[in-house]
Undergrad: 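Please find one structure pasted underneath; my questions will follow.
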Amino acid sequence: MNVNEKDMPTINISIRDYYHGIDNTKIASGGESIICTLGEDEKLYKFFIDPRNPELTIDMPANKIRKVQALYKMHPKYMTTPTALISIGSCVVGYEMPRFLDSTTFYKAGLSLPEKIEALSKTRDILKYFATLGITYGDIKSNNILIDSNGNISFCDVDNVQVKTYPIDLVVEFLKLFSEKYGKIDENADAYMHNIFTLQQLGFPNSTPTYHEIVKTVESGIYPKGFEKESYPIFESMKTPENFNGEYIIQYVKK
């Protein structure tokens, strides 16, 4: 895919630098990508791989390139906004993004109950802000939310979001189940996923259930404790996603 460098910078690296990076500076990997530092302190580099052969370099999917370019132009707050594309010769293989050295994931942050409630309220507000820009985040989970020492929050893994007409590439299981019944993926999908995440963090004392267990509980009509009665219509609408009312339950958590 041709890339207009006037729209977004492109950093060209050698195949040797690429393999040195993934072999020696890798800090994370998933089903479709590897994240490494290439020896930089304040930057991260995401390279796309063939899930069947992680050693094989592949072109960054065209839909992801378009989304990364759109996010670069928009430069939304509260996310690890891409700063440049990475190419090997004429092939775009990934992108550069900021590294927040003072941040850790929601999962590892060790938040107290009041801190969790505050963080969940902040993430709700951020998702509503994303919606005003035509962004649906989708995969809302503790490993995709970064928190720094001052409580500031950012979302990462941004190439898989939906940006206006550019769809999510990999739709996670519970978002897929919701969208099949609801009929589409939009800002209400984020509200639904955030509610599931909120229930995982607050709704089941002394345990951290899976999303599957939470969905089964909600669909059975059991309202988790810890929420005001004003939340009950939301739970009721979540039983049948096609009727979901798009509201967030975090506003009704008991203090």
Side-chain angles (χ1 to χ4, degrees), residues 30-32 67 71 76-80 105-107 109 111 116-147 153-164 166-204 207-220 222-224 226-227 231-253:
E32 63 170 358
K67 287 190 290 184
L71 291 172
K77 297 180 289 185
Y78 313 118
M79 67 167 52
T80 53
T105 63
F106 193 110
Y107 175 72
L111 302 177
K116 280 188 178 182
I117 294 172
E118 181 180 6
L120 288 164
S121 296
K122 286 181 179 179
T123 53
R124 172 204 56 198
D125 294 342
I126 292 171
L127 292 170
K128 287 186 172 183
Y129 161 73
F130 287 165
T132 67
L133 303 177
I135 297 171
T136 300
Y137 187 80
D139 190 11
I140 299 166
K141 62 181 182 180
S142 58
N143 285 339
N144 285 344
I145 299 169
L146 304 177
I147 304 177
I153 290 177
S154 298
F155 283 76
C156 57
D157 196 22
V158 301
D159 59 86
N160 198 44
V161 304
Q162 179 170 289
V163 184
K164 297 182 179 179
Y166 303 128
I168 292 173
D169 299 277
L170 294 177
V171 182
V172 294
E173 178 184 1
F174 300 105
L175 180 58
K176 183 178 180 180
L177 292 173
F178 171 83
S179 63
E180 286 175 348
K181 295 179 180 179
Y182 180 68
K184 58 183 176 180
I185 294 177
D186 62 8
E187 61 189 273
N188 285 354
D190 272 353
Y192 178 86
M193 292 295 291
H194 189 274
N195 287 347
I196 298 296
F197 179 53
T198 298
L199 289 173
Q200 184 186 56
Q201 298 300 317
L202 303 178
F204 300 87
S207 68
T208 305
T210 65
Y211 277 20
H212 180 76
E213 291 169 334
I214 294 168
V215 169
K216 288 295 185 183
T217 299
V218 170
E219 289 180 345
S220 69
I222 299 173
Y223 298 159
F227 296 87
S231 68
Y232 294 172
I234 304 176
F235 287 122
E236 190 67 23
S237 73
M238 290 177 66
K239 288 168 58 177
T240 53
E242 58 269 30
N243 298 318
F244 178 57
N245 63 16
E247 291 191 46
Y248 288 78
I249 61 172
I250 184 60
Q251 62 189 313
Y252 298 121
V253 66

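Position 1 is the first residue of the sequence, and the numbers go up from there.
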Undergrad: How close do Gly138 and Ile168 get, heavy atom to heavy atom, and via which atoms?
TA: CA-CD1, 4.1 Å
Undergrad: Output the distance between atom CD1 (Ile185) and atom CE (Met193), rounded to the nearest 0.5 Å.
TA: 9.5 Å
Undergrad: Tell me if a side-chain donor or acceptor on Asp190 pairs with a main-chain N or O of Ile140 at a distance below 3.5 Å.
TA: no
Undergrad: Out of curiosity, Thr80 OG1 to Asp159 CG, how far, rounded to the nearest 0.5 Å?
TA: 9.0 Å
Undergrad: Just jot down the ring pair (Phe, Tyr, Trp, His ring centres under 6.0 Å) partners of Tyr129, sequence neighbours excluded, or say none.
TA: Tyr78
Undergrad: Check whether any side-chain heavy atom of Tyr252 sits under 4.5 Å from a side-chain heavy atom of Ile234, and report yes or no.
TA: yes
Undergrad: Can you tell me how far CD1 of Ile153 sits from CD1 of Ile145, rounded to the nearest 0.5 angstrom?
TA: 7.0 Å
Undergrad: Is the count of non-hydrogen atoms from other residues, nucleotides or ligands lying under 6.0 Å from Tyr166 atom OH greater than 12?
TA: no
Undergrad: State the OH-CD1 distance between Tyr137 and Ile126, to the nearest 0.5 angstrom.
TA: 11.0 Å
Undergrad: What's the separation between atom CD in Gln162 and atom CG in Leu175, rounded to the nearest 0.5 Å?
TA: 9.0 Å
Undergrad: Under the side chain to side chain contact (heavy atoms under 4.5 Å, CB included) criterion, do Val158 and Ile135 qualify, and how do the steps go?
TA: CA-CA 10 Å; Val158 301; Ile135 297 171; over 6 Å; no
Undergrad: Quick check: closest heavy atoms across Asn143 and Cys156, and the distance to 0.1 Å?
TA: O-SG, 3.8 Å
Undergrad: What closest approach, in Å, do Ala131 and Glu187 show between heavy atoms, and which atom pair accounts for it?
TA: CB-CB, 3.8 Å
Undergrad: Where do His212 and Phe174 land on the side chain to side chain contact (heavy atoms under 4.5 Å, CB included) test, with the steps shown first?
TA: CA-CA 8 Å; His212 180 76; Phe174 300 105; 3.5 Å; yes
Undergrad: Tell me, with the steps shown, if Tyr248 and Lys128 meet side chain to side chain contact (heavy atoms under 4.5 Å, CB included).
TA: CA-CA 10 Å; Tyr248 288 78; Lys128 287 186 172 183; 3.8 Å; yes
Undergrad: Please examine the side chains of Ile196 and Phe178, heavy atoms only from C-beta on, and report whether any two atoms are closer than 4.5 Å.
TA: no
Undergrad: Please find the pair of heavy atoms, one from Pro233 and one from Asn245, that lie closest to each other, and give the distance.
TA: O-ND2, 3.8 Å
Undergrad: Find out whether Phe227 and Leu199 are in side-chain contact, i.e. whether some heavy atom of one side chain is under 4.5 Å from a heavy atom of the other.
TA: yes
Undergrad: Is there side-chain contact between Val172 and Tyr211, with heavy atoms separated by less than 4.5 Å?
TA: no
Undergrad: With sequence neighbours excluded, give me every side-chain hydrogen bond (donor to acceptor under 3.5 Å, both in side chains) pair touching residues 172-185.
TA: Tyr182-Asp186, Tyr182-Asn188
Undergrad: Please check this pair: side chain of Asp157 against backbone of Asn144, looking for a donor-acceptor N/O pair closer than 3.5 Å.
TA: no
Undergrad: Taking the side chain as C-beta and beyond, is there a heavy-atom pair between Met79 and Leu71 under 4.5 Å?
TA: yes
Undergrad: One pair to check against side chain to side chain contact (heavy atoms under 4.5 Å, CB included): Phe130 and Val161. What are the steps and the verdict?
TA: CA-CA 10 Å; Phe130 287 165; Val161 304; over 6 Å; no
Undergrad: Using side-chain heavy atoms (C-beta onward) and a distance below 4.5 Å, is Leu177 in contact with Val215?
TA: no
Undergrad: Within the structure provided, determine whether Val253 and Leu120 are in side-chain contact (heavy-atom separation under 4.5 Å).
TA: no
Undergrad: Please report the closest heavy-atom contact between Gly203 and Pro224, naming both atoms and the distance.
TA: O-CB, 3.6 Å
Undergrad: Thinking salt bridges, do Glu236 and Lys239 make one under a 4.0 Å N-O criterion?
TA: yes
Undergrad: Rounded to the nearest 0.5 Å, what separates atom CG in Asp139 from atom CZ in Phe197?
TA: 11.0 Å
Undergrad: Does a side-chain heavy-atom distance below 4.5 Å link Asp169 with Lys67?
TA: yes
